[in-house]
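Data block below; observations after.
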Amino acid sequence: MAKQTSSYFSSTRITFIAMFAVLAGVLYAFGFAIPGAFPSWLELNFSDIPVLIGTFALGPLSGAITVFVKILVKLIIKSTSTVFVGELADLLIGIAFVVPAGLIYKRKHTFKGALIGMLVGSAASVVVSMLMNWLVLVPFYVELFFGGSWNPILGIMRVLFPSCTRENFYVLYIFCSVLPFNVMRCLIAVIVALPLYKRISSLIRKLNVKLTPKDDEDGSKSKKINVIAIVVGAVVAALLLMFALLRVYVF
């Protein structure tokens with residue numbers, strides 16, 4: 001088991017997970033609203049693009065780890081305004097996107113497999129985003145930010161949907177805002193990642209060959225480097241988590 005773990009989390013893989021995660025975290029931190037099209041709290045960012053490419057290049061487990069680390073990077077840059085609830089939702093939505101896509105591509109390693117994986121991942125991510133907004137995010141925001149009153153959130157929605165009431169809020173919000181917003185988010189990631197993932201995957205494989213040390217007869221040299229990479233990666237992840245918590249609770 002330890003041998004399989006050290007073999008999977010090679011120094012090259014950990015390096016590229018970190019690279020994709022940092023890029024995704026920066027993009028995640030600089031999301032922006034689209035006034036006149038969606039409610040102001042739905043912010044578009046392009047962090048799905050490097051995560052999706054990294055998933056196809058490194059595998060679904062690496063993709064899920066990249067989603068988690070990108071959120072830590074974002075928390076260090078921007079902190080949280082939702083007591084981590086928004087970040088938790090984004091974690092689940094992101095994993096729902098890349099894991100199904102990565103698993104399908106792993107089984108069917110072709111352009112068609114990649115396209116099918118991306119479409120299935122997009123569908124899963126959109127469904128999870130709709131459920132999270134309906135069951136978790138909206139109730140949480142109403143209680144935390146508006147003291148249980150629906151009037152402020154209804155006022156914001158009426159800018160886009162003048163007929164919005166408490167009774168029809170979820171129908172209008174989920175199907176006319178959350179659904180198209182997340183379809184657009186996933187579509188942008190697919191359109192950008194689809195022509196790039198193959199080239200980047202090929203580049204990573206070439207770099208892996210160059211950077212992988214030549215083994216001794218028993219392969220001990222490679223094992224030692226992989227174990228060191230795992231330890232360093234774990235320490236860095238722990239430091240990122242610590243800095244994210246400090247950013248939220250101290251600074």
Compare all side-chain heavy atoms of [X] with those of [Y] and state whether any distance is below 4.5 angstrom.
X	Y	value
Val67	Val98	yes
Ser149	Val142	no
Phe30	Lys74	no
Leu44	Ile188	yes
Met132	Leu92	yes
Val178	Ser129	yes
Trp41	Ile153	yes
Trp134	Val138	no

* Scan residues 185-201 for pairs that pass salt bridge (Lys or Arg N to Asp or Glu O under 4.0 Å), counting only residues two or more places apart or in two chains. =>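 Qualifying pairs, neighbours excluded: Asp48-Arg185.
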So, taking the atom named [atom1] in [X] and the one named [atom2] in [Y], what distance separates them when rounded to the nearest 0.5 Å?
X	Y	atom1	atom2	result
Leu154	Arg158	CG	CZ	5.0 Å
Ile116	Tyr105	CD1	OH	12.5 Å
Leu144	Phe140	CG	CZ	4.5 Å
Ile156	Ser40	CD1	OG	5.0 Å
Phe32	Leu42	CZ	CG	12.5 Å
Ile65	Lys70	CD1	NZ	14.5 Å

Determine the minimum heavy-atom distance between [X] and [Y], stating which atoms define it.
X	Y	answer
Val73	Val26	CG1-N, 4.2 Å
Ala189	Leu52	O-CD2, 4.0 Å
Pro60	Leu103	CG-CD2, 3.7 Å
Ala33	Pro35	O-CD, 3.4 Å
Ala114	Tyr197	CB-OH, 3.3 Å
Val190	Ser122	CG2-OG, 3.7 Å

Under 4.5 Å between side-chain heavy atoms, counting indirect links through other Ile/Leu/Val/Met/Phe/Trp/Tyr residues: same cluster for [X] and [Y] or not?
X	Y	result
Met184	Leu27	yes
Leu187	Leu119	no
Val128	Val120	no
Phe111	Phe56	yes
Leu172	Ile34	yes

* To do: Please identify each residue that fulfils ring-ring contact (aromatic ring centres under 6.0 Å, His included) with Phe161, with sequence neighbours left out.
  => none
* Asked: Does CH2 in Trp150 sit with more than 12 non-hydrogen atoms of other residues, nucleotides or ligands closer than 6.0 Å?
  -> yes
* Kindly indicate, with the supporting measurements, whether the criterion side-chain contact (heavy atoms from CB on, under 4.5 Å) is fulfilled by Glu87 and Tyr28. => CA-CA 10 Å; Glu87 286 76 22; Tyr28 180 29; 4.0 Å; yes
* **Matching residue for Asn133 among Tyr173, Tyr141, Tyr170 - test: side chain to side chain donor-acceptor pair (under 3.5 Å)** => Tyr173
[X] side chain to [Y] main-chain N or O, any donor-acceptor pair under 3.5 Å?
X	Y	answer
Lys78	Ala29	yes
Ser125	Ala96	no
Asn168	Thr165	yes
Thr55	Val51	yes

